[in-house]
Each structure stands twice: as C-alpha cells, then as structure tokens.
Protein chains: 2
Amino acid sequence: MAKKSTTRANSESTDDYLKAILTIGGPQEDRVTGNALAEHLQVRPASITGMLQKLSGQETPLVEYEKHRGARLTPAGKRRALEVIRHHRLIELFLHDILDYPWDEVHAEAERLEHFISERMEERIAAKLGDPLIDPHGHGIPRKDGSLPERREVCLSELAAGNTGVVTSVSDRRPDVLRELKNLGIVPRAHLTVTERRAGSRPMRVRIGPASQDIPLTVRLSSAIYVSQ
Amino acid sequence: MAKKSTTRANSESTDDYLKAILTIGGPQEDRVTGNALAEHLQVRPASITGMLQKLSGQETPLVEYEKHRGARLTPAGKRRALEVIRHHRLIELFLHDILDYPWDEVHAEAERLEHFISERMEERIAAKLGDPLIDPHGHGIPRKDGSLPERREVCLSELAAGNTGVVTSVSDRRPDVLRELKNLGIVPRAHLTVTERRAGSRPMRVRIGPASQDIPLTVRLSSAIYVSQ
DNA sequence: AATGCAATTTAGGCACACCTAAATTCTGGG
DNA sequence: CCCAGAATTTAGGTGTGCCTAAATTGCATT
C-alpha cells in the first residue's frame, strides 16, 4: 500500500524543478518551456513532461501546466521554491562565513544540502548569521515569509562604454568563473567602470575600483556580473 | 545505458546497512543476522536479503555474505561505515557546539545529513571543532584513518549496588530519554553511585554527583547509560 | 492551405529499495 | 532421525525519476 493517499511530492527532484521554473521564469513568472527546463536541469525533455504532469496533478498542485503550453508555479510551488532558495543561500553564507569555505565551493555543497536541512537548522543558521539578506555572491536571501529583498541590477554585458557601477552580484554556477572573478577583484560591492566596448562578442574592457589599469573581460565573465548604477 | 558498469552502491540505504552491521556486530565484528538487521533498520527481512545480496555482489563488495549465514563487513565496508559514523558524530557536535542545538535534537538531524556532506565539509567541521574525539553524547568520533578512540565502559544496568563510576556516554537514539537524562544531570562526565539494586526489572537507585538524595532509574534509562569505574 | 522542422508527449523500460505472500532452510527438542 | 517453528530466501509487485524511440502537435513559412 502507498504511504500517502495520492501521488505526493517532496523530493529533491521536485525541489529542483520548482527552483528551475522560478529561475527561468524570472520575477515576472513567465511560463517556462519544457525545453528550457530540460536544458537547465540536464535531463531529457521526455522526462520533463512526466514530472510536470505529476507536479500539476497532485492534491495541491505545485505547478500549473497544460500540454504543449509550458509550466508556471502555483502559489504553493512558489512558496516551496523560495524556501529551497532560502536554504541554499543561507547555507552558502554559512559555509563561507562560519566554516571558511572558499568562495567557489559553497555553491556545490549548498546545492546538495538545501534539500535536507530541517526547519530548525534553517532557523539556527539564520540566527547565527543574524538573519542575513545577502549571500556571498550578492544574491538576495528570501525571507521566511517568502519575500525576496529587491535589487535593481543590470548585467554588465549590457552596459555601454563609459558607465560606472557597483557590483551587486555574480553568477555562482561555475567555480572556475568565480575563481577568475575573485582574482580580478570583481566581488560584490567592488566599483567598476566600462572603459571600452565593441560590438559582438569582443571582450569589453573595464577598470576595477581605483586601479589605474583596465582589464579585458570575456563575454563569459561579463555575463556573469551584475551591477547597479 | 547504465551510468556505471556493474550495480554500484553508495546510497543512503547502503550507508545505513553498513552502520547497522557495524553497530550490531560490535567491535568483535560478529556475523550479523538478517533478523537483527531488519529489526534495527525497521525493514522487512525479505528486503534485507536483497540488499545483502547486492552489497556482497559488487565489484568491490562491502559485505561478506552467504545464504542463511548472516553478514559481516569487508574492510571496504567497514571503512565506509566508520566514515559515516565520523560524519554523524562530527555533525552532532557541530550542531550542539556551534549552532546551539538542544542535546536531544542533534541525533535526528545528523542522521539525515551524515549521508550528504562532502569530504571538504567534514574537514572544515573537524577543523572548526579542533579535531574532536568525543561527541555530545560521549561517543568516540572515528579518526580520519578509521581508528576509533578506545573506551572502557560498562552499561549502568550491569553495575551492582555500591559501585561508583563516571558517565562516559549515553544512547542518543530516543530524544525523550535524552531529555530525562539531562534533567537528572546524567551527562557524560557526571559522577554517579549505585545506591540500590534489586533483581529483575525493578528500578535501580543511584546518586548523582555530590547530591544528597538518590533517585530511581527505570531500566529504560539505566540501559541507556554507560560508565567507567 | 500545405509542409517541414522543432518542441512536446506517449509508450515501454530500467535501477533502486522497499513490500507481501509463498517457498525454503535451519535448528533444537523429542 | 524427524519435525515444528523460526529464520531466511524467492517471486512478483510498487512508486519514483530517469531513459530511448516513436508518435504527435504547433508553428512559421511558403
């Protein structure tokens, strides 16, 4: 006999799907295509279909889904997604600040642990860190009530020459990128000026803080950096 | 196609089986019966058989197993079991000392997390705690090399009246027991004297430290306490 | 309206770790 | 030595989440 009545869902996979939908859909909560999900989750499109059917066909559906029309989070789904992201970012900060983890390693560890920590641990970590609102890469940590600290930021790769800004956050998915950024001094709160910019995928050049020399930034790097002006 | 060649095994379940075999078999490494495992793991005996077959039939077997003759860890299995126990106890101490977890809650959390922390995290936690050798309940923390700090302890329920000892460890499996023990002042390093002892399952009586009054201890409690003389 | 390609869904399978029910094997007492 | 009852194993099944291969659907163009 099954443990619960209908097809319940609370697994790691479920969490990952919800996070992905929130991330890809962005704050405007656009509908997300199966393809984009498959790409993001590194899973075959066929698997996406099955999972979306499951997540949308539960007692309390976590996603809204109609054949061929993509998926979107329900309020319950969004709540869970934000909770997992809260876990993730609290853990990242915790690993970095309390356990002295290197900057580029916190993401992978948090990615695993986010699914398994209890409410109590979330609470204890948050308390230890003083209810922080920003993680080591500059991303907002959702509050317990699900609200996300607002940030006004632009991707550096969209900034024209001459502009100056403060780094607000950097993408944390690739450790190698993070290491490079750190070496260049590009971390949240660093000041930065775009000194040169050409069309296409040519490297742009930027000056970091009061440093006298400017440095080239590949697209790979510049698209991982967000700044506010 | 399968991810790995043969039926690999590294799951939570595997860890739990290995820990159980080590725990039940004791330091003498006795062969462990399927029944005992089923009891300990709260799983049907039939499930035990399947898992033991799997664990013993791998490229590098983790258990040694012959039909109807019980199971025993191979060196590789023992190594893994001790690693998981190391994780568990480091996490318990960490939760207690760094995150101010209550005594009776660390076990459950550690039981989940022990499977998911990386080598790096183990290393960082150990460093933060100063490479400790004892967890909050008084159990030895296996060293990185798998060696287990030796302890010479007797179960309190086996102590005759008149004996005096120092509490070395307490069983951590039932939170309610832990809470009672704490209330009574029975924690590792507490001094304790058996003041009265009768046959059977009658409560024994003990005096804690320099306290003038002695208190009754149910078998449930006394069998959860270990002392050295 | 037709067609051709991309996106998506269905169908059928697999590994894992568990379950129940039905053998089987082992063991101790007579 | 036999036999009952206990322990263990086999057989067959479940749910989860993934896979491949083979439909199907939708859409942009012509």
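Labels below follow one simple rule: chain letters A, B, ... track the order of the sequence lines, proteins then strands, and each chain is numbered from 1. Basis for what follows: all heavy atoms, side chains included, without hydrogens, waters or symmetry-related copies.
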Near A:R143 CZ, under 6.0 Å, is it more than 12 heavy atoms from other residues, nucleotides or ligands? yes
Roughly, in whole Å, what's the span from CZ in B:R31 to P in D:dA7? 17 Å
Can a side chain N or O of A:N35 be found less than 4.0 Å away from OP1 or OP2 on C:dA6? no
B:M51 CE to C:dA17 P, in whole Å, measures 4 Å
Nucleotide D:dT9, atom C1' - distance to NE2 of B:H68 in whole Å: 6 Å
Using whole Å, what does the distance between atom P of nucleotide D:dA6 and atom CZ of B:R44 come to? 16 Å
Would one find a side-chain N or O of B:K67 under 4.0 angstrom from OP1 or OP2 of D:dT10? yes
Heavy-atom closest pair, residues A:M51 and A:S13: CE-CB, 3.7 Å
Quick note, A:V43 side chain, CB onward, closest among C:dT9, C:dC26, D:dC19 is D:dC19
Classify the nucleic acid contact of B:T49 as base, sugar-phosphate or nothing, counting any heavy atom under 4.0 Å across all strands shown. base
Under 4.0 Å: is that the gap between some side-chain N or O of A:Q53 and OP1 or OP2 of C:dT10? yes
Among B:I24, B:L73, B:L52, whose side chain to side chain contact (heavy atoms under 4.5 Å, CB included) with B:V32 holds? B:I24
Without decimals, in angstroms, what is the distance between A:L52 CG and D:dC18 P? 11 Å
Separation of D:dT24 P from A:R69 CZ (nearest whole Å): 22 Å
Of A:A46 and B:E66, whose closest DNA chain D nucleotide lies nearer the 5' terminus? B:E66
Just distance, no hydrogens or angles: give the donor-acceptor pairs under 3.5 Å from side chains in residues 88-95 of chain A, sequence neighbours left out.
{"unit_1": "A:H88", "atom_1": "ND1", "unit_2": "A:E114", "atom_2": "OE1", "d": "2.9"}
{"unit_1": "A:H88", "atom_1": "NE2", "unit_2": "A:E92", "atom_2": "OE2", "d": "2.8"}
{"unit_1": "A:H88", "atom_1": "NE2", "unit_2": "A:H107", "atom_2": "ND1", "d": "3.2"}
{"unit_1": "A:R89", "atom_1": "NH1", "unit_2": "A:G140", "atom_2": "O", "d": "2.7"}
{"unit_1": "A:E92", "atom_1": "OE1", "unit_2": "A:H137", "atom_2": "ND1", "d": "3.0"}
{"unit_1": "A:E92", "atom_1": "OE2", "unit_2": "A:H107", "atom_2": "ND1", "d": "3.3"}

Separation of D:dT16 P from A:E12 CD (nearest whole Å): 15 Å
Protein-nucleotide distance (A:E39, atom CD; C:dA7, atom P), rounded to Å: 11 Å
Examine C:dC18: is either OP1 or OP2 under 4.0 Å from a nitrogen or oxygen in the side chain of B:S13? Give yes or no. yes
Have a look at A:S47 and say if it touches a base, only the backbone sugar-phosphate, or nothing, with a 4.0 Å heavy-atom cut-off. base
Ignoring hydrogens, what is the shortest heavy-atom contact between B:H96 and B:Y101? Give both atom names and the distance. CD2-O, 3.5 Å
Please confirm whether the shortest side-chain N or O distance from A:Y17 to OP1 or OP2 of D:dC18 is below 4.0 Å. yes
